[in-house]
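What you see below is based on every heavy atom in this structure, not just the backbone, and it leaves out hydrogens, waters and symmetry mates.
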Amino acid sequence: MRPAAFPRSRRLKRRRLIRPLFDRGRADVGRVRAGTVVLLYRTVPREATGHDVGAQVGFAPGRRATNTIRTRVRRHLREAFRLHQGPLLDRFGGRPDCLTMMTLYRGRDDGAGEAIRRDLPRALARLAEREIPLAEAIPAPSERPRP
């Protein structure tokens, strides 16, 4: 696989993995902010993702005026991530767990491409430097406590 590739297996699509990232009460969700970009992340066991990858990433452009602008912002986020994902994937490639991450854009519509190209690499570098603990094993459905 090319080092700058972004295959579908690295895309965060499962709702049960995305929803916990936005739960403010969780202690296992981390946040990295750099300018107009916010990264929400947590680690999960690789079995939970359905793929044998070190990281899965989702992109959220936020509420924009039109779908065209949302699509354009999402494309800028994906492209900037694709170009600067190397250090992050090197760090999580050999671990037994998987990093799940949502990339959020919180800036203005005009100049979004320039802001993303400036801020996302800084946020990814900060995340790659952080000490992130290994994920806890998710208990099987029969072992989970009943509410």
Side-chain angles (χ1 to χ4, degrees), residues 1-139 144:
M1 186 178 341
R2 296 185 335 258
F6 188 58
R8 289 193 185 274
S9 60
R10 274 202 224 124
R11 293 187 185 177
L12 183 60
K13 294 289 190 177
R14 294 188 177 194
R15 202 172 273 187
R16 65 183 162 86
L17 295 176
I18 295 172
R19 199 171 278 146
L21 291 170
F22 291 97
D23 186 5
R24 293 179 187 253
R26 295 186 69 106
D28 63 341
V29 176
R31 174 176 283 208
V32 174
R33 194 179 285 262
T36 60
V37 174
V38 178
L39 304 178
L40 302 174
Y41 66 91
R42 71 188 273 256
T43 55
V44 297
R46 284 198 184 197
E47 305 85 46
T49 63
H51 298 283
D52 189 25
V53 293
Q56 284 193 333
V57 184
F59 302 95
R63 293 186 177 101
R64 302 283 152 215
T66 64
N67 284 338
T68 306
I69 295 172
R70 283 177 55 86
T71 302
R72 185 179 310 132
V73 170
R74 189 175 282 121
R75 284 180 182 166
H76 283 298
L77 287 168
R78 263 197 317 259
E79 181 63 11
F81 177 79
R82 187 185 69 80
L83 294 174
H84 299 283
Q85 67 186 342
L88 194 66
L89 294 180
D90 290 344
R91 176 127 188 261
F92 285 92
R95 287 176 52 145
D97 56 355
C98 177
L99 176 75
T100 57
M101 179 175 75
M102 282 299 291
T103 305
L104 314 175
Y105 177 68
R106 297 293 182 239
R108 298 175 53 120
D109 293 343
D110 53 333
E114 181 181 325
I116 291 169
R117 283 190 298 275
R118 177 189 66 229
D119 296 336
L120 186 58
R122 288 189 353 222
L124 290 173
R126 287 180 189 170
L127 179 59
E129 293 171 358
R130 285 207 173 169
E131 191 61 39
I132 301 171
L134 289 173
E136 302 275 330
I138 297 176
R144 290 185 187 150

Under 6.0 Å from the CZ atom of R33, do we count more than 12 heavy atoms belonging to anything else shown?
no

V53 versus C98, closest heavy-atom pair with distance
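That would be O-SG, 3.6 Å.
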
Nearest heavy atoms of G62 and R70, plus distance in Å
O-NH1, 2.6 Å

Which residues share a salt bridge (charged side-chain N to carboxylate O under 4.0 Å, His left out) with [X], sequence neighbours left out:
{"X": "R117", "answer": "none"}
{"X": "E114", "answer": "none"}
{"X": "D90", "answer": "none"}

Who pairs with [X] by side chain to side chain donor-acceptor pair (under 3.5 Å), at least two apart in sequence or on another chain?
{"X": "D52", "value": "R46"}
{"X": "T36", "value": "D119"}
{"X": "R95", "value": "D97"}
{"X": "R108", "value": "D110"}

For side-chain contact (heavy atoms from CB on, under 4.5 Å), just list the numbers for R11 and F6, CA-CA rounded to whole Å, side-chain angles, deciding distance to a tenth of an Å, and then say yes or no.
CA-CA 8 Å; R11 293 187 185 177; F6 188 58; 3.6 Å; yes

[X]: side-chain contact (heavy atoms from CB on, under 4.5 Å) partners, not counting sequence neighbours:
{"X": "A34", "result": "R122, A123, R126"}
{"X": "P121", "result": "H84"}
{"X": "R130", "result": "V32, Y41, I132"}
{"X": "R14", "result": "R16, L17"}

Give a yes or no on whether the backbone of [Y] and the side-chain of [X] come within a donor-acceptor separation of less than 3.5 Å.
{"X": "Q85", "Y": "A5", "answer": "yes"}
{"X": "T103", "Y": "F59", "answer": "no"}
{"X": "R91", "Y": "A128", "answer": "yes"}

Between L127 and M101, does a side-chain contact (heavy atoms from CB on, under 4.5 Å) hold up when you go through it step by step?
CA-CA 10 Å; L127 179 59; M101 179 175 75; 3.4 Å; yes

Quick one: are V57 and R10 in side-chain contact, heavy atoms under 4.5 Å?
no

